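Worth knowing before you read on, the calculation uses all heavy atoms, side chains too, and leaves out hydrogens, waters and symmetry mates. No experiment lies behind these values; they were computed from the predicted model shown.
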Amino acid sequence: TTLVSGLNEAENGGVTLFPNPATNLVSLNNAEMGSVVELIDIQGRVLQKFVTNTSKTRLNVSNCKPGFYFVRIKNAESGKETVEKLIIND
């Protein structure tokens, strides 16, 4: 398994999260269809988990408390994982 962290699109397969920091919705662009997306809190708990059905996905974070989170995107075919940092504000 390959783990990539940070914001460099070339290194993470082109996946982008915006806006970041976020308050309500986060757009997740360029995740391959069929990828598993997880929203993870700072303690490592998976708060949301779903499979993408489009290359442009929205993540609803309106019920999350302000703080630091991670979004893990795992490609079902290749097994490649990308982990992005996400900040949620009031």
Side-chain angles (χ1 to χ4, degrees):
T1 300
T2 303
L3 183 64
V4 179
S5 181
L7 299 175
N8 186 334
E9 287 183 45
E11 290 179 5
N12 70 11
V15 176
T16 57
L17 295 177
F18 68 89
N20 191 5
T23 54
N24 293 313
L25 291 175
V26 177
S27 293
L28 176 67
N29 286 342
N30 299 324
E32 294 186 29
M33 287 178 43
S35 295
V36 176
V37 177
E38 296 175 326
L39 177 64
I40 303 167
D41 70 10
I42 199 75
Q43 281 104 21
R45 294 179 294 213
V46 176
L47 305 177
Q48 293 182 41
K49 182 176 181 176
F50 60 91
V51 177
T52 60
N53 57 4
T54 176
S55 64
K56 294 183 180 180
T57 302
R58 287 189 180 197
L59 184 61
N60 185 345
V61 297
S62 61
N63 292 328
C64 296
K65 294 181 181 178
F68 292 96
Y69 294 82
F70 299 97
V71 177
R72 179 169 42 206
I73 305 107
K74 184 172 183 179
N75 182 299
E77 282 187 27
S78 70
K80 179 180 177 183
E81 283 188 6
T82 301
V83 177
E84 293 290 328
K85 297 173 194 170
L86 175 64
I87 299 170
I88 298 176
N89 288 336
D90 289 359

Please list, chain by chain and in numerical order, all residues satisfying side-chain contact (heavy atoms from CB on, under 4.5 Å) with T23, sequence neighbours excluded. N89
Single-linkage hydrophobic cluster, 4.5 Å side-chain cutoff, I87 and I42 together: yes
Decide whether V46 and V51 are clustered together by the hydrophobic rule: side chain heavy atoms of Ile, Leu, Val, Met, Phe, Trp, Tyr closer than 4.5 Å, transitively. no
Heavy-atom pair of closest approach, residues [X] and [Y]:
X	Y	answer
E84	T82	OE2-CG2, 3.7 Å
G79	K74	O-CE, 3.9 Å
A76	G34	CB-O, 3.5 Å

What's the separation between atom CG in N24 and atom CG in L59, rounded to the nearest 0.5 Å? 11.5 Å
To the nearest 0.5 Å, what is the distance between CG (N75) and NZ (K80)? 8.5 Å
Do F70 and K85 come close enough that some side-chain heavy atom pair is under 4.5 Å? yes
Is there a side-chain contact (heavy atoms from CB on, under 4.5 Å) between L39 and L86? Walk through the geometry before answering. CA-CA 9 Å; L39 177 64; L86 175 64; 4.1 Å; yes
Does the T52 side chain pair with the main chain of S35, one donor and one acceptor, at a distance under 3.5 Å? yes
Under a 3.5 Å distance rule, please check whether Q48 uses its side chain to pair with a backbone N or O of N60 as donor and acceptor. yes
In terms of heavy-atom contacts, does CZ of F50 have more than 12 from other residues, nucleotides or ligands at under 6.0 Å? yes
Atom CD of E32: over 12 foreign heavy atoms under 6.0 Å: no
According to side chain to side chain donor-acceptor pair (under 3.5 Å), who are the partners of N29, at least two apart in sequence or on a separate chain? none
side-chain contact (heavy atoms from CB on, under 4.5 Å) between D41 and L47, worked out: CA-CA 7 Å; D41 70 10; L47 305 177; 3.9 Å; yes
Positive for side-chain contact (heavy atoms from CB on, under 4.5 Å) with V71, one of V15, L17, I40: L17
By the definition side-chain contact (heavy atoms from CB on, under 4.5 Å), identify the one residue from L28, I73, V37 that meets it with T57. L28
Step by step, work out the side-chain contact (heavy atoms from CB on, under 4.5 Å) result for Y69 and V61. CA-CA 10 Å; Y69 294 82; V61 297; over 6 Å; no
